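Right, one structure below, let's go through it.
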Amino acid sequence: MRSITILALTSVLALPSGCSKPAPNPPQQGMTVQQAVSDPARPAAFSKADALRKPAETLEFSGLKSGMVVGEFYPAGGYFTRMISDVVGPSGHVYAIENAGWNDSVKDDRKMLAEGKWKNVSLDVQPFGTVKFPQPLDLAWVTQNYHDLKIPQYGPGGKPVDTVAFDRAVYAALKPGGIFFILDHQGPASLTPAEIAKMHRIDRDLVVKEVTSAGFKLAGEGNFLRNPADDHSKPIFDPSIRGHTDQYALKFVKPAR
């Protein structure tokens, strides 16, 4: 009788509990940076530009991680968008904002989405300088376009965007501890909007001054695209310097509460 009782108790203990919950599935991870750069789904023309644009170094420096919510300003056909999408993966999202005045870029962005692979990317077409996202961001991203905000003909009503107000809006859109990543072409100090429109450059110190005035802290600076042979005197599209301009990468952080 004793052995029967022990056997019965063992059987009861072996039964699954009706109150137990299955372990949650781990979040789906995105690609590594190197996998994203090597993704064969990237257009061949973009991949050919990698030697000059150094996307692996750019992505690594920016702090991009799997699962992040990213706001990308002005993707212009998605050179970085596709790689950002790969890295953040299915558990992350990329909210891309394109300038409504750049018809070719809007067309190229929509062509990218029509490829059907980039399911974690959303596109919003808005007046230049708009900062509007459906959820708080881990990372705000603008590459080679901060200077464009200063150019009157690109802005609403033919006026330049108030870049300090733009920076404050980005600050508000980020989570505490979120990153604001800016990469641009180094320009001489004190360029006027008309000169920026001609040169498509902006002084690094001006960008730092404006962004930190919005409450950000400069957390890092990347020199992987610096070129001391560029004396900053020519427009970036000048054949003698195109593709080889002196560029800075700046990582700003919104302080955690």
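Because the structure is predicted, anything quoted here is derived from the model rather than measured. Here, residue 1 is the first one in the sequence, and each next residue gets the next number.
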- Message: Please report whether the ring centroid of F73 lies less than 6.0 Å from that of F166.
- Response: yes
- Calculate, to the nearest 0.5 Å, the distance between atoms OG1 and NZ belonging to T163 and K209 respectively. 11.0 Å
- Task: State plainly whether one hydrophobic cluster holds both L149 and V208, where clusters connect Ile, Leu, Val, Met, Phe, Trp and Tyr through side-chain heavy atoms under 4.5 angstrom apart.
- Result: yes
- Please tell me if the side chains of E72 and Y95 come closer than 4.5 Å, counting only heavy atoms from C-beta onward. no
- Message: Run D148 and I151 through side chain to side chain contact (heavy atoms under 4.5 Å, CB included) and show every step you take.
- Response: CA-CA 5 Å; D148 286 323; I151 299 177; 3.5 Å; yes
- Query: Would the Y154 and Y146 ring centres measure less than 6.0 Å apart?
  - Reply: no
- Query: For residues Q247 and D184, is any side-chain donor paired with an opposing acceptor at under 3.5 Å?
  - Reply: no
- Taking all non-hydrogen atoms of both residues, which atom of K234 and which atom of S240 are closest, and how far apart? CD-OG, 3.2 Å
- Query: Do E57 and L225 have side chains that get closer than 4.5 Å, going by heavy atoms?
  - Reply: no
- Message: Please determine whether residues V164 and V131 belong to a single hydrophobic cluster, defined as Ile, Leu, Val, Met, Phe, Trp and Tyr linked transitively by side-chain heavy-atom distances below 4.5 Å.
- Response: no
- Query: So which heavy atom on F216 is nearest to which on D167, and how close?
  - Reply: CE1-O, 3.5 Å
- Is the closest side-chain heavy-atom distance between F252 and V170 below 4.5 Å? no
- Item | Full working for side chain to side chain contact (heavy atoms under 4.5 Å, CB included) between F237 and T245 | CA-CA 9 Å; F237 301 114; T245 57; over 6 Å; no
- Query: What are the two closest heavy atoms between K251 and S62, and how far apart are they?
  - Reply: CD-O, 3.5 Å
- Query: Any side-chain heavy atom of T81 sitting closer than 4.5 Å to one from W141?
  - Reply: no
- Query: Is the side chain of R201 donor-acceptor paired with the backbone N or O of Q186 at a distance under 3.5 Å, no angle test?
  - Reply: yes
- Task: Evaluate side chain to side chain contact (heavy atoms under 4.5 Å, CB included) for E98 paired with R110, printing each intermediate quantity in order.
- Result: CA-CA 10 Å; E98 191 57 87; R110 289 174 173 161; over 6 Å; no
- Rounded distance [0.5 Å steps], CZ in F133 versus CG in L174: 8.5 Å
- Greater than 12 external heavy atoms within 6.0 Å of K175's NZ: yes
- Note on the structure: So CZ of R242 and CG of D238: to nearest 0.5 Å the spacing works out to 10.0 Å
- Message: So which atom in P193 and which in K150 form the shortest heavy-atom distance, rounded to 0.1 Å?
- Response: CB-O, 3.5 Å
- Query: Shared ILVMFWY cluster between V207 and Y74, side chains joined below 4.5 angstrom?
  - Reply: yes
- Taking the six-membered ring of F46 as reference, does the NZ or CZ atom of R82 fall below 6.0 Å from its centre and within a 45° cone about the axis? no
- Does a side-chain heavy-atom distance below 4.5 Å link P235 with H200? no
- Query: Does any donor atom in the side chain of S85 or N120 lie under 3.5 Å from an acceptor atom in the other side chain?
  - Reply: yes
- Task: Kindly state whether the ring of F180 and the ring of Y171 have centres lying under 6.0 angstrom apart.
- Result: no
- Could you state the interatomic distance from CZ (R168) to OG (S213), rounded to the nearest 0.5 Å? 6.0 Å
- Message: Donor-acceptor check, side chain of K119 to backbone of G116, threshold 3.5 angstrom: yes or no?
- Response: yes
- Message: Between Q144 and L183, is the side chain to side chain contact (heavy atoms under 4.5 Å, CB included) condition met? List the steps.
- Response: CA-CA 6 Å; Q144 299 181 339; L183 185 152; 3.8 Å; yes
- Item | Heavy-atom closest pair, residues H147 and I196 | O-CG2, 3.5 Å
- Measure across D109 and G78 and return the closest heavy-atom pair with its distance rounded to 0.1 Å. OD1-N, 4.1 Å
- Message: Quick check for you: to the nearest 0.5 Å, what is the distance between S47 atom OG and R53 atom CZ?
- Response: 12.0 Å
- Decide yes or no for D203 and L191: does some side-chain heavy atom of the first lie under 4.5 Å from some side-chain heavy atom of the second? no
- Item | Side chain to side chain, F128 and P156, heavy atoms closer than 4.5 Å | yes
- Task: Mark yes when over 12 heavy atoms from residues, nucleotides or ligands other than D231 sit less than 6.0 Å from its CG; otherwise mark no.
- Result: yes
- For the pair K117 and D86, find out whether any cationic side-chain nitrogen is under 4.0 Å from an anionic carboxylate oxygen. yes
- Item | Any L64 side-chain heavy atom under 4.5 Å of V33 side chain | no
- Query: Do V142 and L206 belong to the same hydrophobic cluster, where Ile, Leu, Val, Met, Phe, Trp and Tyr are linked whenever their side-chain heavy atoms lie under 4.5 Å apart, directly or via other members?
  - Reply: yes
- Connected via hydrophobic side-chain network under 4.5 Å: I84 and V121: yes
- Item | Donor-acceptor pair, side chain of N227 and main chain of D246, under 3.5 angstrom | no
- Query: If you measure from CE on M83 to CH2 on W118, what distance do you get to the nearest 0.5 Å?
  - Reply: 9.5 Å
